Colleague: 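Before anything else, here's the structure in question.
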Amino acid sequence: MTSTRGDNGDSTSVTADATVATDATVATDAIDVLVVDDDFRVARVHRAYVERLEAFRVVGVAGSGAQALAAVDELRPDLVLLDLYLPDVFGLDVIPRLRTAGHDCDVMVVSAAREAEAVRGAVRQGVVDYLLKPFDFEDLRGRLERYAVQRGRMLGTVVRGQADVDRVLAGAAAGPVAPVLPKGMSAETAGLIERTLREAEGSLSATECAGLTGVSRVSARRYLEYFHTAGSAEVSLRYGATGRPERRYRFVGAAGGLRAGSGARTGGEVPGQGGPVGVVRGPMGRPDGLSRPVGRS
């Protein structure tokens with residue numbers, strides 16, 4: 001029986017999670033996720049993040065390498081969110097044991113481990129992604145959504161030739177198709193945001209981007225998050241004295257040729273009022289409500 005610590009530190013059965021997931025009226029094609037973290041508070045936050053995404057469901061939580069192995073054997077998840085600093089074993093050592101036991105679940109590393117050797121080892125073990133703590137929901141959401149697309153593509157791929165193999169390995173869609181904007185976004189505004197981000201010296205916050213473009217801060221953040229999910233912008237967190245960290249965006253690749261999808265607007269936004277807002281700098285601190293390791297995580 002695999003167990004994990006509850007909010008009060010007591011042991012609770014992982015199989016209870018499996019029962020809940022089985023009885024719930026969720027889609028049969030949902031991606032089942034096992035969360036592995038030695039800190040039950042961090043695991044609780046990560047679980048809440050995953051459960052906010054319709055395509056995913058958490059079937060269990062484990063607090064050690066041994067619990068993770070037993071939980072995978074019992075619950076058969078599609079994806080494991082794996083911390084590396086576990087109390088009984090280094091997280092990467094769990095992966096070959098899973099393969100030896102015949103499990104083919106995917107693994108996404110979620111850890112504070114920044115050592116180059118850990119990253120290289122994760123790549124050698126075939127992890128689908130590597131996300132550094134601390135992070136917020138948007139960081140994890142982008143990676144999980146990208147994983148879901150790639151997983152669906154791989155499951156539905158019929159290999160007729162080298163081009164099909166190349167598309168799977170590259171994680172790219174067939175042909176040079178311009179990305180389709182989500183519903184409610186306009187190609188004109190997306191182009192404006194992209195140019196502003198590309199021409200910026202360094203990174204921009206959503207507030208700064210809004211001031212430079214004349215769109216609302218909410219709209220600026222939505223477009224910036226889209227570019228982040230599409231892989232053309234990277235996100236960093238700037239910590240202040242209190243409160244949540246500020247998300248800052250930096251252009252890293254072209255996303256040109258944007259076209260409006262079904263329901264997307266083709267007209268530009270009416271610029272609003274507002275100007276650049278200075279960023280308050282403060283001493284480094286942990287963000288409230290994010291993955292917050294106790295000791296190492």
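All values reported here derive from a predicted model rather than from experimental measurement.
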Colleague: Examine distances only and state if a side-chain atom of Asp93 and a backbone atom of Pro96 form a donor-acceptor pair shorter than 3.5 Å.
Modeller: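 Flag not set: sc Asp93 to bb Pro96 has no pair under 3.5 Å.
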
Colleague: More than 12 heavy atoms of other residues, nucleotides or ligands under 6.0 Å from CZ of Arg217: yes or no?
Modeller: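 For Arg217, atom CZ is not crowded (no more than 12 foreign heavy atoms under 6.0 Å).
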
Colleague: Run the side-chain contact (heavy atoms from CB on, under 4.5 Å) check on Val215 and Ile193 step by step: do they pass?
Modeller: CA-CA 9 Å; Val215 304; Ile193 299 292; 4.1 Å; yes

Colleague: Checking side-chain contact (heavy atoms from CB on, under 4.5 Å) for the pair Glu199/Phe251: CA distance, chi angles, key distance, verdict?
Modeller: CA-CA 9 Å; Glu199 296 169 0; Phe251 186 80; over 6 Å; no

Colleague: What pair of heavy atoms forms the shortest contact from Phe137 to Tyr49, and how long is it?
Modeller: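 Closest approach of Phe137 to Tyr49: CE1-O, 3.3 Å.
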
Colleague: Sort out for me which residue in Leu79, Leu75, Leu98, Leu34 forms a side-chain contact (heavy atoms from CB on, under 4.5 Å) with Cys105.
Modeller: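 Only match with Cys105 under side-chain contact (heavy atoms from CB on, under 4.5 Å): Leu98.
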
Colleague: Flag yes if Val119 and Leu132 sit in one hydrophobic cluster, no otherwise; membership is Ile, Leu, Val, Met, Phe, Trp, Tyr, and two members link when side-chain heavy atoms are under 4.5 Å apart.
Modeller: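 As far as the 4.5 Å side-chain criterion goes, Leu132 and Val119 are connected within one cluster.
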
Colleague: Applying salt bridge (Lys or Arg N to Asp or Glu O under 4.0 Å), can you list everything that pairs with Arg124, at least two apart in sequence or on another chain?
Modeller: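 Counting only residues at least two positions away or on another chain, Arg124 forms a salt bridge (Lys or Arg N to Asp or Glu O under 4.0 Å) with Glu117.
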
Colleague: Which residues pass the salt bridge (Lys or Arg N to Asp or Glu O under 4.0 Å) test with Arg99, sequence neighbours left out?
Modeller: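 Not a single residue meets the salt bridge (Lys or Arg N to Asp or Glu O under 4.0 Å) criterion with Arg99.
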
Colleague: Shortest non-hydrogen contact from Gly65 to Val94?
Modeller: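 For Gly65 versus Val94, the nearest heavy atoms are CA-CG2, 3.9 Å.
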
Colleague: Any chain of hydrophobic side-chain contacts (each under 4.5 Å) joining Leu69 to Phe90?
Modeller: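 Yes; Phe90 is reachable from Leu69 via cluster members.
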
Colleague: Measuring from atom CG of Asp83 to atom OG of Ser64, what distance do you get when rounded to the nearest 0.5 angstrom?
Modeller: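 So the gap between those two atoms works out to 11.5 Å.
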
Colleague: Would you compute the distance between atom CG of Leu92 and atom CG of Leu84 and round it to the nearest 0.5 angstrom?
Modeller: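 Spacing of CG (Leu92) from CG (Leu84) equals 5.0 Å.
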
Colleague: Where is the tightest heavy-atom contact between Ala148 and Phe56, given as atom of each residue plus distance?
Modeller: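 So the two residues come closest at CB-CZ, 3.9 Å.
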
Colleague: Please report the C-alpha distance between Arg97 and Val89 in whole Å, then the side-chain angles of each, then the deciding distance to 0.1 Å, and finally whether the side-chain contact (heavy atoms from CB on, under 4.5 Å) criterion is met.
Modeller: CA-CA 11 Å; Arg97 299 183 189 182; Val89 66; 3.9 Å; yes

Colleague: Side chains of Glu225 and Tyr249: any donor to acceptor distance under 3.5 Å?
Modeller: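 Short answer, yes.
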
Colleague: Does Gly63 offer a backbone N or O that forms a donor-acceptor pair with the side chain of Gln67 under 3.5 Å?
Modeller: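 Checked: pair present.
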
Colleague: Out of curiosity, Glu246 CD to Ser236 OG, how far, rounded to the nearest 0.5 Å?
Modeller: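 It comes to 8.5 Å.
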
Colleague: Is the closest side-chain donor-acceptor distance between Asp106 and Tyr147 under 3.5 Å?
Modeller: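 Tyr147 and Asp106 do have a side-chain donor-acceptor pair below 3.5 Å.
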
Colleague: Test side-chain contact (heavy atoms from CB on, under 4.5 Å) on Leu82 and Ile95 and set out the steps.
Modeller: CA-CA 9 Å; Leu82 180 64; Ile95 302 176; 4.0 Å; yes

Colleague: Over all heavy atoms of both residues, which pair between Tyr223 and Gly184 is shortest? Give the atoms and the distance, please.
Modeller: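 Where Tyr223 meets Gly184 most closely, the heavy atoms are OH-O, 4.3 Å.
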
Colleague: Out of curiosity, Met108 CE to Leu144 CG, how far, rounded to the nearest 0.5 Å?
Modeller: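 Separation between the atoms: 4.5 Å.
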
Colleague: Just how far is it from atom CZ of Arg198 to atom OG1 of Thr196, taken to the nearest 0.5 Å?
Modeller: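 With rounding to 0.5 Å, CZ (Arg198) is 11.0 Å from OG1 (Thr196).
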
Colleague: Find out whether Val110 and His46 are in side-chain contact, i.e. whether some heavy atom of one side chain is under 4.5 Å from a heavy atom of the other.
Modeller: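 The answer is yes, as the side chains (C-beta and beyond) meet within the 4.5 Å cut-off.
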
Colleague: Is any side-chain heavy atom of Asp129 closer than 4.5 Å to one of Arg146?
Modeller: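 When only atoms from C-beta onward are counted, Asp129 and Arg146 do touch, with a gap below 4.5 Å.
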
Colleague: Are Pro245 and Arg238 side-chain neighbours, meaning at least one heavy-atom pair lies under 4.5 Å?
Modeller: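 The answer is no, as the side chains (C-beta and beyond) never meet within the 4.5 Å cut-off.
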
Colleague: Can you name the residues that form a side-chain hydrogen bond (donor to acceptor under 3.5 Å, both in side chains) with Glu201, not counting sequence neighbours?
Modeller: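 Testing Glu201 for side-chain hydrogen bond (donor to acceptor under 3.5 Å, both in side chains), a comparison that skips the adjacent residues, returns none.
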
Colleague: Output the distance between atom CZ (Arg141) and atom CG (Leu53), rounded to the nearest 0.5 Å.
Modeller: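 If I round to the nearest 0.5 Å, the distance is 7.5 Å.
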
Colleague: Is any side-chain heavy atom of Glu138 closer than 4.5 Å to one of His228?
Modeller: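 They are not in side-chain contact.
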
Colleague: Is the shortest side-chain N to carboxylate O distance from Asp39 to Lys133 below 4.0 Å?
Modeller: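 A salt bridge is absent here (no side-chain N lies under 4.0 Å from a carboxylate O).
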
Colleague: Give me the atom names and distance for the closest heavy-atom approach of Val252 to Ala233.
Modeller: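 The answer is CG2-N, 3.7 Å.
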
Colleague: Do Arg47 and Val61 have side chains that approach each other closer than 4.5 Å (heavy atoms only, starting at C-beta)?
Modeller: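 SC-SC contact between Arg47 and Val61 confirmed.
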
Colleague: Hey, are the side chains of Arg247 and Asp136 touching, using non-hydrogen atoms and a 4.5 Å cut-off?
Modeller: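 Result yes, sub-4.5 Å side-chain heavy-atom pair found.
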
Colleague: Among the clusters formed by ILVMFWY side chains lying less than 4.5 Å apart, do Leu212 and Leu192 turn up in the same one?
Modeller: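 No, Leu212 does not connect to Leu192 through the hydrophobic network.
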
Colleague: Determine whether a donor-acceptor pair (N or O, by modelled atom type, separation under 3.5 Å) exists between the side chain of Arg57 and the backbone of Ala30.
Modeller: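 A pair under 3.5 Å: no.
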
Colleague: Checking Tyr130 side chain against Ser111 main chain: does a donor-acceptor pair fall under 3.5 Å?
Modeller: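 Absent.
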
Colleague: For residues Leu86 and Gly91, report the shortest heavy-atom separation together with the two atoms involved.
Modeller: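 Closest heavy-atom pair between Leu86 and Gly91: CD1-CA, 4.1 Å.
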
